[in-house]
Amino acid sequence: APTHTPPYTHTHTMAEPVADIALIGLAVMGQNIILNMNDHGFVVCAYNRTAEKVDRFLANEAKGTKIVGAHSIEEMVAKLKKPRRIMMLIKAGKAVDATIDQLLPHLEKGDIVIDGGNSEYLDTIRRQ
């Protein structure tokens, strides 16, 4: 095992809840909201279905911050303090439904999921 990890990686164990909120979706808006939350004192867990985007974000824009990354939904949920707060900034429609379906088995009553995208209001009503 390596004895030294680069400064931009965090070596928390899977089960250690360190993050105040998670954000799913590392397009420009998601990255900027994560950086803004970090600047305001929140520990944010960054997740994207493409793990390389998480690594690239941590190594570049998020370097030197308290932002942590996750390579799976399970890892992301494990890194969140309870009640868990998860914000999605992903494409509206089927992608939101699929992500919620992946999240639900890992969440508990009282956890919060925020759809920060541009979903149609009827989708929001249907998901309640």
Side-chain angles (χ1 to χ4, degrees):
T3 56
H4 175 69
T5 52
Y8 58 84
T9 58
H10 290 44
T11 54
H12 298 294
T13 61
M14 275 282 286
E16 188 180 350
V18 293
D20 300 305
I21 188 167
L23 194 137
I24 301 173
L26 292 180
V28 174
M29 191 184 305
Q31 290 185 22
N32 282 318
I33 289 178
I34 291 170
L35 292 168
N36 186 295
M37 288 191 278
N38 175 78
D39 290 348
H40 287 86
F42 296 96
V43 177
V44 186
C45 182
Y47 172 73
N48 199 84
R49 65 186 169 148
T50 308
E52 294 78 31
K53 275 194 171 183
V54 175
D55 294 338
R56 208 166 32 248
F57 178 62
L58 292 176
N60 294 291
E61 295 87 354
K63 188 173 184 174
T65 69
K66 291 184 177 178
I67 297 165
V68 296
H71 290 138
S72 68
I73 294 279
E74 295 82 6
E75 182 184 5
M76 179 194 74
V77 170
K79 288 185 175 182
L80 285 168
K81 297 174 189 172
K82 293 181 181 182
R84 299 175 191 97
R85 300 160 195 90
I86 301 167
M87 182 172 190
M88 299 178 296
L89 272 171
I90 56 178
K91 186 176 180 180
K94 291 180 182 172
V96 172
D97 287 328
T99 303
I100 291 171
D101 288 345
Q102 290 176 331
L103 285 170
L104 284 177
H106 307 284
L107 300 181
E108 300 170 356
K109 187 176 177 73
D111 291 343
I112 300 165
V113 177
I114 304 163
D115 178 9
N118 196 20
S119 289
E120 182 182 2
Y121 77 99
L122 292 173
D123 284 346
T124 301
I125 292 168
R126 175 177 51 79
R127 291 178 186 129
Q128 289 178 335

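Listed by chain and residue number, Ile73 satisfy the side-chain contact (heavy atoms from CB on, under 4.5 Å) test with Gln102 (two or more places apart in sequence, or in another chain). Looking at residues two or more places apart in sequence or on another chain, you find a side-chain contact (heavy atoms from CB on, under 4.5 Å) between His71 and Ala51, Val54, Asp55, Glu75. Residues that satisfy the side chain to side chain donor-acceptor pair (under 3.5 Å) test with Lys82, not counting sequence neighbours, are Glu108. Taking Ile114 as the reference, Met87, Ile112 meet the side-chain contact (heavy atoms from CB on, under 4.5 Å) condition, with sequence neighbours excluded. Taking Asn38 as the reference, nothing meets the side chain to side chain donor-acceptor pair (under 3.5 Å) condition, with sequence neighbours excluded.
Cluster annotation: Val77 is connected to Leu104 through the hydrophobic network of ILVMFWY side chains, with a link wherever side-chain heavy atoms come within less than 4.5 Å.
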Apply side-chain contact (heavy atoms from CB on, under 4.5 Å) to the pair Leu107 and Ile86, showing each step before the final yes or no. CA-CA 10 Å; Leu107 300 181; Ile86 301 167; 3.8 Å; yes
Test Met37 against Leu23 for side-chain contact (heavy atoms from CB on, under 4.5 Å), laying out the working first. CA-CA 10 Å; Met37 288 191 278; Leu23 194 137; 4.0 Å; yes
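Closest approach of Met76 to Leu103, counting heavy atoms only: CE-CD2, 3.5 Å. In plain terms, the two heavy atoms of His106 and Arg84 that are nearest each other are O-NH1, 3.7 Å.
Side-chain contact check for Asp111 versus Leu80: every heavy-atom pair is 4.5 Å or farther apart.
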Side-chain donor-acceptor distances from residues 40-49 under 3.5 Å, at least two apart:
| unit_1 | atom_1 | unit_2 | atom_2 | d |
| --- | --- | --- | --- | --- |
| His40 | ND1 | Asn36 | O | 2.8 |
| His40 | ND1 | Asn36 | OD1 | 3.1 |
| Asn48 | OD1 | Leu26 | N | 2.9 |

Side-chain atoms of residues 88-97: list all donor-acceptor pairs with protein atoms under 3.5 Å, sequence neighbours left out, distances to 0.1 Å.
| unit_1 | atom_1 | unit_2 | atom_2 | d |
| --- | --- | --- | --- | --- |
| Asp97 | OD1 | Arg126 | NH2 | 3.4 |
| Asp97 | OD1 | Arg127 | NE | 2.7 |
| Asp97 | OD1 | Arg127 | NH2 | 3.2 |
| Asp97 | OD2 | Arg126 | NH2 | 3.1 |

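The salt bridge (charged side-chain N to carboxylate O under 4.0 Å, His left out) contacts involving residues 18-46 comprise Asp20-Lys81, where partners must be two or more places apart or lie in separate chains.
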